[in-house]
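Before any comments, here is the structure.
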Amino acid sequence: MSEQYPALLVIVPLLSALVISVAGWVNKRLCFPIAVAALGVAAWSSVGLLFRVLDEGVIVYKLGGWSPPMGIAYYIDYLNGLVLPVVSIVALLNLISSKKIVEQQFPDKAGPFYTLYVLMVTGLLGIVVTGDAFNLYVLLEIASLTGYGLLAMGEERAPLATLNYLYMGTIGACFYLLGIGYLYIVTGSLNMVDIARLLPPLYQSKAVLAAFIICMVGVWLKMAFFPLHAWLPNAYTYANSASSGLIAPLMTKVMVYVMIRLILTVFTPKFVFNTLAVHDAVVWLAVIAIVMGAVLALKERNLKKMLTYIVVAEVGYMVGGAWLGNRAGLTGAVLHIVNDALMTLCVFLVVGNIVYKIKGYAFGDLKGLFAKMPFTMGAFVIGALSIIGVPPTCGFFSKWYLILGAIQAHQYGFMVALLFSSLINVVLFFRVFEIGFYEPFSDHEGHEHHPAVMAEAPLTMLVPLYVVAISLILVGLYTGDIVNHIVQFVIPKGFM
Amino acid sequence: MKIIGLIIVVVTGALLIYAAADFPAWSDPASPASTYLSPYFIEKTMEETSVPNIVTAVLADYRGFDTMFETTVIFSAGVVCFFLLRISRREEEEPETRYYRHVLTGVTIQLKEGYKIPPSADFERIDAVWTPPDLIIKTGCRILIPFIQLFALYVIAHGHHSPGGGFQGGVILGASVILFAISHDLRTAVRRMSEKLIGILCAVGVSIYAGTGALCLLLKQNFLDYSALAGVLHVDPITARSHGILMVEIGVGIAVLATMIWIYNNISSAGRYRQGL
Amino acid sequence: MDIMDIIVLVLLFSGLFFLTGGAVGILRFPDFYSRLHPAGKLDTLGSLLAMTAFALFNLHHFSLGALLTSLKILLIVVFIFLASPTATHGIVDAGVRAGLAPWTKGQKRR
Amino acid sequence: MTDLISTVVAKYNYWIYITLMMIGLYAMIAKNNLVKKIVGMNIFQTAIILFYVSIGVKKGATIPILEHGHGPDVHHVVHAVDYINPLPHVLMLTAIVVGVATLGVALALAIRIYNNYNTLEENEILTQVREK
């Protein structure tokens, strides 16, 4: 059975989504267990795949039995072998936590919600696993469309924010499609490995250059890289916490993965770093992204929105790391995909718990929260320390590699930006801690200060939160193993 | 905003025009796109899948995996529209005055809140703003709809030999039902084809596609490798591919049919399932 | 130039004449209802004539296949004859139900 | 000069798609009405479809449906030059479907917004948001 893991990984969630949608009409209580089982199978097969990749190297799975480039094939190498378990496990943990939120916020629509949730995870897993450039576009659209649906279900402003996201997302996806079209017109192929094989004689072609620029702009739009980030904060802030807990950790990270995949596999580092040689400019863009993300986060008086700006800054870390063009930088970027997915999940789960209990996430609502929800806030501290980059949490190690890469590439601006944003993160999170710890709890209505009563979130929300929080430390402790056994094989030969 | 837009447009347009300099000329038979993969498809399709319509064969077999997700895209659009717009039954069924019409006499009855008439053939529930459907439109559509549906089934079934297939046929089929909803009213259309039925049909359509693929998986071949169905269908592997394509096209047709109606119902009534926005 | 060609040309050009008239009418008439008038009538007649011309032209080299094709074209004619006026009527009906008042002399163009 | 003109004429499909695409992009960025933006988005997507379909065209070739007789004995020799490239058509079928799906979702969102604010003009909505 294990040779069918690549298919199962995507097919089981897809079929389960269909079953969930039928179950939504028959018996709503069945939806949640089916969703958990589906994502459980997906997580199981993704971990199985990772171990197979570690044993055997690159796995090729031919869909429909047609060999590439005629048909579509899956390629699982070290890069997506690492990203796949992260996507499926993050989605599974957030799913478990979302049960109570769905029951509280839209109990009637549990069926369509879980259908869309599982479909979105299908799309994300498919994006990561596929080896066909056009197939990636189709899956990207599945992930985006379901994402729009999930994000629009929230506060009053959510539909408008999501419509703006839809405009931007559609432009991004269309640009990607157009870039693939340009590659198709000059090579005649759609398979990533095949395109990379056919490209070298065409490196000087204007069409390939344009294809690269268009693809990159499209992907940057989707991942909210700084000047193109305008849709992200509102869309994530006003959504319900079950959806933002899925989309905030995964969507941007998966798009960073797509960017790295395009650089490494499709256009090859030789073209990107030697022929094109614009990486310095992109790193400077990343510097601006990090600084602006941090500064804009500083301005916010609202926990969830502050976190969304931190997401924008983190995207800058990863883009910058990938474009440094050396071994340490790329290692840092790949490692940061894993770490940032977990860190963002951790803090967004905390926000979900807070919203579930307090029904608000402005700074004013956080007063006395350490007394009221000690366990939630405990996990928040771990997540915050990881985002700041305090050892032994995992955030420290990826930042370490990024800084190392910056120094090797003589990109001191990037290094300074990383340190600056760490400092800003310290300010941001300690401000939250201060409000939560020292200011007494007060009701929305009355001003009378009464001793806070402990009112912790239910266990189904706390358990996933603690799994993530502990994994933050574990991933940090085992960073060396991850780098030695997986990440170092991601980096192509000839990289500095 | 207008100036920023203009600048972006000019820059992007300049980039695209710059890139077009290296493109092959229009309809150039020697362009890479026409010489790399397409000769293989054109020359081998008949031998390998026994489907004369190459587009259908590439769509549902060589790149069948894309098409499965394409169907899923439609399905998810339907679910999203339902998820966002449908007003939940609890909010909708709050005490309101109900209107019924006695079909034979055309008398309208107004019932105070809480009362209802059990479903019967004599009475139909109507909206407060109900007006009788126009006779000309009703008759015109009644004549046309059967032919439209017949044509749609032809398009689905003849996808192998002529332009057509599941998507096109499904859309025409869906359009015929939407035409019915326009010519009468939404309540009548929903009574003929209930929301639950549509919702389940959407999922069933996509499941036929994915299920065919999964069946191949169970028969010890790769996902969507229809030649695995040869043993089940008692034909040779190449004909099995042709039959497999027909199966998935039917699945696509059902999914598209149901989703089109679902999206129309939700959008045209803003999720209230009554007439008008 | 035999008699068939002349009939085809006459039909085609009269069809085009009516279609052009319809297009001018849509642009020139003052309001919603009156604009639908040329759209419904002239376009239907114009496409009927043009389609009939196609069907006849197709019969030039007479064979069973050509006859079938011509019959298919005539089926399209029947379809347009049914659908186009019904659709126009439906649009007008929707306008009346939505409460749009018709244009009267002396008012501004809408 | 004649060189330039012949290049321009030989690649006219690209100029058309670029123009259409830029019209769509401009509408998406600069228009104030949300539905006009959606219309712009559709033009944008259609331009890309036009681009892909125009790649598939081959001079002197016909649609990619093979002529075939009935029965197993009839075999025609198929030459690749006689039929146009089928792949862009397949890809664009997918892109059209994606476009329709996106349009549906966008309209659903626009209806939600209209229900909330009673207008579709973006600046009016933003004023309402600020007032709250």
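The sequence lines fix the lettering, A, B, ..., with proteins before strands; numbering per chain opens at 1.
- With respect to chain D, the highest number of heavy-atom pairs below 4.5 Å among B:Val80, B:Val171, B:Val55 belongs to B:Val55.
- By number of non-hydrogen pairs under 4.5 angstrom with chain B, the leading residue of D:Thr19, D:Ile63, D:Ile84, D:Ile29 is D:Ile29.
- Remark: the backbone N or O of D:Ala27 is not paired with any side-chain donor or acceptor of D:Lys36 at under 3.5 angstrom.
- Salt-bridge check for D:Glu122 with D:Lys37: passed, with a basic side-chain N closer than 4.0 Å to an acidic carboxylate O.
- Of the residues considered (B:Phe69, B:Phe75, B:Phe167), B:Phe167 shows the highest number of contacts with chain D, using heavy-atom pairs under 4.5 Å.
- Considering all non-hydrogen atoms of both residues, B:Thr12 and B:Ile8 come closest at OG1-O, 2.6 Å.
- With no hydrogens or angles considered, a side-chain donor-acceptor pair links B:Glu48 and B:Tyr62 at under 3.5 Å.
- Only the backbone of B:Ser162 comes within contact range of chain D, with heavy atoms under 4.5 Å apart.
- B:Ser34 touches chain D through backbone and side chain together, each having a heavy atom under 4.5 Å away.
- For the ring-ring contact (aromatic ring centres under 6.0 Å, His included) test, no residue two or more places apart in sequence or in another chain qualifies with B:Tyr40.
- Classified by interplanar angle (parallel below 30°, tilted 30° to 60°, perpendicular above 60°), the ring pair D:Tyr14/D:Phe51 is tilted.
- Residue D:Met28 does not touch chain B at all, counting heavy-atom pairs closer than 4.5 Å.
- For D:Arg112 (side chain) and B:Leu85 (main-chain N/O), no donor-acceptor pair under 3.5 Å exists by modelled atom type.
- Within the 3.5 Å criterion, the main-chain N or O of B:Val79 finds no donor-acceptor partner in the side chain of B:Trp262.
- With sequence neighbours excluded, the residues forming a ring-ring contact (aromatic ring centres under 6.0 Å, His included) with B:Trp26 are D:Tyr12, listed by chain and number.
- Residues B:Thr239 and B:Asp236 bring a donor and an acceptor atom of their side chains to less than 3.5 Å of each other.
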Give the table of side-chain donor-acceptor pairs shorter than 3.5 Å for residues 86-109 of chain D, with sequence neighbours excluded, one pair per line with atom names and distance.
unit_1   : atom_1 : unit_2  : atom_2 : d
D:Thr94  : OG1    : B:Glu70 : OE1    : 2.9
D:Thr94  : OG1    : D:Val90 : O      : 3.3
D:Thr102 : OG1    : D:Val98 : O      : 2.6

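- In terms of non-hydrogen atom pairs under 4.5 Å with chain D, the most contact-rich of B:Thr45, B:Asp66, B:Leu37, B:Leu6 is B:Leu6.
- Only the side chain of D:Tyr17 comes within contact range of chain B, judged by heavy atoms closer than 4.5 Å.
- Between chain D and the options B:Val73, B:Thr56, B:Ile54, the largest number of non-hydrogen pairs under 4.5 Å is found for B:Ile54.
- Against chain B, the residues from residues 53-62 of chain D that qualify, each with a non-hydrogen atom under 4.5 angstrom away, are D:Ser54, D:Ile55, D:Val57, D:Lys58, D:Lys59 in number order.
- Heavy atoms of D:Tyr26 lying under 4.5 Å from chain B belong to its backbone as well as its side chain.
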